[in-house]
Asks: 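Take this structure, written in structure tokens, and hold onto it; I'll ask about it next.
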Amino acid sequence: EAKAQGRNTVCFFDPEMQAAASARSLLEADMRQALVESEFFVQYQRVVDPGGSLLGAEALVRWQHPQRGLVLPGTFISVAEQTGLILPLGRFVLRSACEQLAAWAQTSRSAAWTVSVNVSAQEFRHPEFVAQTLAILEETGVNPAALKLELTESLLLHDVEDCIAKMQALRSRGVGFSLDDFGTGYSSLAYLKRLPLDQLKIDQSFVRDVLTDPNDAAIACTIIALAQSLGLDVVAEGVETEGQRQFLLNNGCRRFQGYLFGRPGPPEALFGR
Ligand code: C2E
Ligand code: MG
Ligand code: MG
Ligand code: MG
């Protein structure tokens, strides 16, 4: 009997699976609490031009947990996506970024800056995404041209027509769009041409070994050339060394983000260099 069952029986009591599942529900419960207790906050990482001047910043969410300490998005974004908590979390990040832009607009130091906000597939696919985004811009009084939304290739592969319509609706108000982690997905060139984008971000996995791995160097250069021929801006992410910066600059990249220019930190730190 036991032998006959053997292969096709699903084991509900695999201790490892159970431990993982309960760790996940604990994280989910903690996240619900954290949204109420305001434990999430936003850090900013600089994006600079070849002279090192600030072009803008990327908003990156963090979680200050009373016991766990500082928790990075790698730990909780996928659980937030699986549980729907990404919707309130995403709105929180967008609102924080817009409030920050509004505060900077008061100081007039920042006329041409943009802040980039990451958007998960589930947020972007939500039928109210466009309306909610415009409402936050309106409530905070931010110039929509100061906001860039970062999408990923995999998000855009699903229901392309709907994505294009949403992008056009926001772009007609001035909001910009950036394709994050570019090169890691499966975009075809024909498809890329159809998307109303402003910017490509070279994934940091290609930047890391750009000086030592000829394949990564070729991919980085191809992305830069592709962006140029499509009339898009291109940003290199994960730039950690002067050598990487120089290589990318020599090959036509004019926007950089990475630890070389500053780690993600509080908004005030953007001025501190
Ligand atoms: P991403 O959008 O590609 O963001 C860049 C990540 O690279 C950030 O990690 C940043 O801290 C890190 N980074 C920046 N410069 C360097 C560098 O020079 N070297 C290395 N090794 N890393 C660098 P972080 O903040 O841990 O975020 C990870 C990912 O989580 C983000 O990748 C993004 O996909 C997601 N994420 C972060 N904030 C949000 C958010 O508010 N909403 C959503 N939906 N996703 C978010
Ligand atoms: Mg990003
Ligand atoms: Mg990225
Ligand atoms: Mg990434």
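As the structure lists them, so they are numbered: ligands from 1, and atoms in each ligand from 1. If you're wondering where the values come from, they're calculated on a predicted model, not measured in any experiment.
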Asks: Within a reach of under 6.0 Å around CD of Gln246, are more than 12 heavy atoms found that belong to other residues, nucleotides or ligands?
Replies: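 Enclosed: over 12 neighbouring heavy atoms sit under 6.0 Å from CD of Gln246.
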Asks: How long is the straight-line distance from CD of Gln244 back to CZ of Phe256, given to the nearest 0.5 Å?
Replies: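 It comes to 11.0 Å.
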Asks: Return a yes/no value for Glu81: is any of its N or O atoms, backbone included, closer than 3.5 angstrom to an N or O of ligand 1?
Replies: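 It does not: no N or O of Glu81 is found under 3.5 Å from an N or O of ligand 1.
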Asks: Does Tyr44 have its ring centroid less than 6.0 Å away from the ring centroid of Trp104?
Replies: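 Yes, the ring of Tyr44 comes within the 6.0 Å limit of the ring of Trp104, centre to centre.
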Asks: To make sure I understand the geometry: which N, O or S atom in Asp180 is closest to the Mg ion (ligand 3)?
Replies: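 Restricting Asp180 to its N, O and S atoms, the minimum distance to the Mg ion (ligand 3) goes to OD1.
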Asks: List ligand 1 atoms under 4.0 Å from Gln45, heavy atoms only on the residue side.
Replies: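 With Gln45 as reference, the close atoms of ligand 1 come out as 14 (C), 15 (N).
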Asks: Is the closest heavy-atom distance from Glu123 to ligand 1 below 4.0 Å?
Replies: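 Glu123: in contact with ligand 1 (<4.0 Å).
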Asks: Would you say Gly238 touches ligand 1, if touching means a heavy atom closer than 4.0 Å?
Replies: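 For ligand 1, residue contact (heavy atoms, under 4.0 Å) with Gly238 is present.
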Asks: Compare all side-chain heavy atoms of Gln45 with those of Tyr259 and state whether any distance is below 4.5 angstrom.
Replies: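 Gln45 vs Tyr259: side chains touch.
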Asks: Would you mind telling me if ligand 1 is within reach of the side chain of Gln204, the backbone, both or neither, using heavy atoms under 4.0 Å?
Replies: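 Side chain only.
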Asks: Using a strict 4.0 Å threshold on nitrogen-to-oxygen distance, state whether Lys201 and Glu58 make a salt bridge.
Replies: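 Yes, charged N to carboxylate O under 4.0 Å.
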Asks: Would you mind telling me if ligand 1 is within reach of the side chain of Glu58, the backbone, both or neither, using heavy atoms under 4.0 Å?
Replies: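 Side chain only; the backbone of Glu58 stays clear of ligand 1.
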Asks: Tell me whether Asp233 is salt-bridged to Arg255, with the criterion being a basic N under 4.0 Å from an acidic carboxylate O.
Replies: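 Result for this pair is yes, salt bridge flagged.
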Asks: Per the side-chain contact (heavy atoms from CB on, under 4.5 Å) rule, which among Leu94, Thr133, Leu151 passes with Val119?
Replies: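 The side-chain contact (heavy atoms from CB on, under 4.5 Å) with Val119 is passed solely by Leu151 among Leu94, Thr133, Leu151.
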Asks: With a 3.5 Å distance limit and no angle check, can you tell me whether Asp198 reaches the backbone of Phe177 through a side-chain donor-acceptor pair?
Replies: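 Flag set: sc Asp198 to bb Phe177 pair under 3.5 Å.
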Asks: Is it the case that ligand 1 has an N or O less than 3.5 angstrom from some N or O of Val61?
Replies: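 There is such a contact, yes.
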Asks: Between the side chain of Arg46 and the main-chain N/O of Ser53, is any donor-acceptor distance below 3.5 Å?
Replies: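 Checking the backbone N and O of Ser53 against the side chain of Arg46, no donor-acceptor pair under 3.5 Å is found.
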Asks: For Trp113 and Phe271, run ring-ring contact (aromatic ring centres under 6.0 Å, His included): C-alpha distance rounded to whole Å, both residues' side-chain angles, the deciding distance at 0.1 Å, then the answer.
Replies: CA-CA 12 Å; Trp113 293 5; Phe271 301 102; 5.6 Å; yes
Asks: Which single N/O/S atom of Glu58 lies at minimum distance from the Mg ion (ligand 2)?
Replies: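 Result: OE2.
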Asks: Polar contacts were defined as any N/O atom of the residue lying under 3.5 Å from an N/O atom of the ligand; does this apply to Arg62 and ligand 1?
Replies: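 In this structure, Arg62 places an N or O atom under 3.5 Å from an N or O of ligand 1.
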Asks: Regarding Asn118, does it place an N, O or S atom less than 2.8 Å from the Mg ion (ligand 2)?
Replies: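 It does; at least one qualifying atom falls short of 2.8 Å.
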Asks: Please report the interatomic distance CG(Asn215) to CG(Asp209), rounded to the nearest 0.5 Å.
Replies: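 Reported value, rounded in 0.5 Å steps: 10.5 Å.
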Asks: Of all N, O or S atoms in Glu237, identify the one at the shortest distance from the Mg ion (ligand 3).
Replies: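 Closest N, O or S atom of Glu237 to the Mg ion (ligand 3): OE2.
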Asks: Out of Asp181, Val42, Leu60, whose heavy atom sits nearest atom 31 (C) of ligand 1?
Replies: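 Checking each option, the heavy atom nearest atom 31 (C) of ligand 1 is found in Leu60.
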Asks: Restricting to N, O or S atoms of Glu150, which is nearest to the Mg ion (ligand 2)?
Replies: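 Nearest N/O/S atom of Glu150: OE1.
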Asks: So does Arg24 pair up with Glu28, basic N to acidic O under 4.0 Å?
Replies: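 No, this pair does not count.
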Asks: With a heavy-atom distance limit of 4.0 Å, tell me whether Arg208 approaches ligand 1 through its side chain, its backbone, both, or neither.
Replies: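 Contact part for Arg208 vs ligand 1: neither.
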Asks: Counting only N and O atoms by type, is there a donor-acceptor contact under 3.5 Å from the side chain of Ser25 to the main-chain atoms of Ala21?
Replies: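 Yes, because the side chain of Ser25 sits within donor-acceptor range (under 3.5 Å) of the backbone of Ala21.
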Asks: Between Gln122, Glu240, Arg46, flag the one that comes closest to atom 20 (C) of ligand 1 by a heavy atom.
Replies: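 Answer by nearest heavy atom: Glu240.
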Asks: Would you say the side chains of Gln199 and Ser178 form a donor-acceptor pair under 3.5 Å?
Replies: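 Short answer, yes.
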Asks: Taking a cutoff of less than 4.0 Å between a non-hydrogen atom of the residue and any ligand atom, is Pro264 in contact with ligand 1?
Replies: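 Yes.
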Asks: Should one rank Phe256, Phe92, Tyr259, Phe124 by closest heavy-atom distance to atom 23 (C) of ligand 1, which comes out on top?
Replies: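 Nearest heavy atom to atom 23 (C) of ligand 1 lies in Tyr259.
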Asks: With atom 41 (O) of ligand 1 as the reference point, say which of Leu155, Val93, Val207, Leu151 has the nearest heavy atom.
Replies: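 The option holding the nearest heavy atom is Val93.
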Asks: Would Gln43 count as a contact of ligand 1 if the rule is a heavy atom under 4.0 Å away?
Replies: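 Heavy atoms of Gln43 never come under 4.0 Å of ligand 1.
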Asks: Find, among atoms of Asp181 that are N, O or S, the one nearest to the Mg ion (ligand 3), and state its name.
Replies: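 Closest to the Mg ion (ligand 3) among those atoms: OD1.
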Asks: Enumerate the atoms of ligand 1 whose separation from the nearest heavy atom of Ser120 is less than 4.0 angstrom.
Replies: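 So the atoms of ligand 1 that pass are 44 (N).
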Asks: Any idea which atoms of ligand 1 are less than 4.0 Å away from a heavy-atom of Ile77?
Replies: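 By the 4.0 Å cutoff, the relevant atoms are 43 (C), 45 (N), 46 (C).
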